[in-house]
Structure formats: C-alpha cells, structure tokens
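Any value given below was found using the heavy atoms of this structure, including those in side chains, with hydrogens, waters and symmetry copies removed.
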Amino acid sequence: MLLNALLDHRIIFVGGKGGVGKTTIAAAIALAVADQGRTGLVVSTDPAHSLGDIFGEPIGATEKLLDRGLWGLEIDPDDKPALLLFSLG
C-alpha cells in the first residue's frame, strides 16, 4: 500500500544518516518501478559507489542499463561539472 502510493510520484528522493540503508531502499524502489513496466533512473551520490555492488556490476558516471527499463548512475558529489551536466540533462 505504501509502495503503491510512493510509486505514484515521478521523482523520489531517499535520504537519511549514513548506514541506514538509503542505497538499498533506492535500489528496491527503482526495481519496483521497472517491474511496473516503467522507465527509471536510480542515481547515487555516495562516494563508496555501493549501488554497483547491489546490482553486481560497476555503474560509474554515465547512465548504464541495469535491467529492462532501469538505468543507474553514480555521481561523485565532489565533481561539480558532472553534477551540473546531470542537472541540465
């Protein structure tokens, strides 16, 4: 019920303190979006790049297809040009 209400939104941000599972929750939500046949992009700004660990493959600073309809992107939060390009994209 809560997941369905959450998935009604076009943009979903997951935030919180370190170590609480933000990346895991974001990945689960992204998979749920893709399971509905929608297109989704999951973006991580965590310097540890653990999003790639969750999906079992490196993702990096360019959009990468992870599953049907699901793309991933890992942005270095200290890379200002990359953040600017992403915001303009």
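Here the closest non-hydrogen pair linking R68 and A34 is O-CB, 3.7 Å.
The list of salt bridge (charged side-chain N to carboxylate O under 4.0 Å, His left out) pairs with a residue in residues 25-41, not counting sequence neighbours, is empty.
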Inset, instruction - List the steps and the verdict of salt bridge (Lys or Arg N to Asp or Glu O under 4.0 Å) for K64 and E74. - result: CA-CA 9 Å; K64 179 171 185 171; E74 292 176 327; over 6 Å; no
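With rounding to the nearest 0.5 Å, the separation of CG in L65 from CH2 in W71 is 4.5 Å. Atoms OG1 and NE2, on T23 and H49 in that order, are 11.0 Å from each other to the nearest 0.5 Å.
Other residues sharing the hydrophobic cluster of L31, ordered by chain and number and joined by side-chain separations under 4.5 Å: V42, L51, I54, F55, I59, L66, L70.
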Please output the side-chain donor-acceptor pairs of residues 3-13 that fall under 3.5 Å, not counting sequence neighbours, one pair per line with the distance.
none

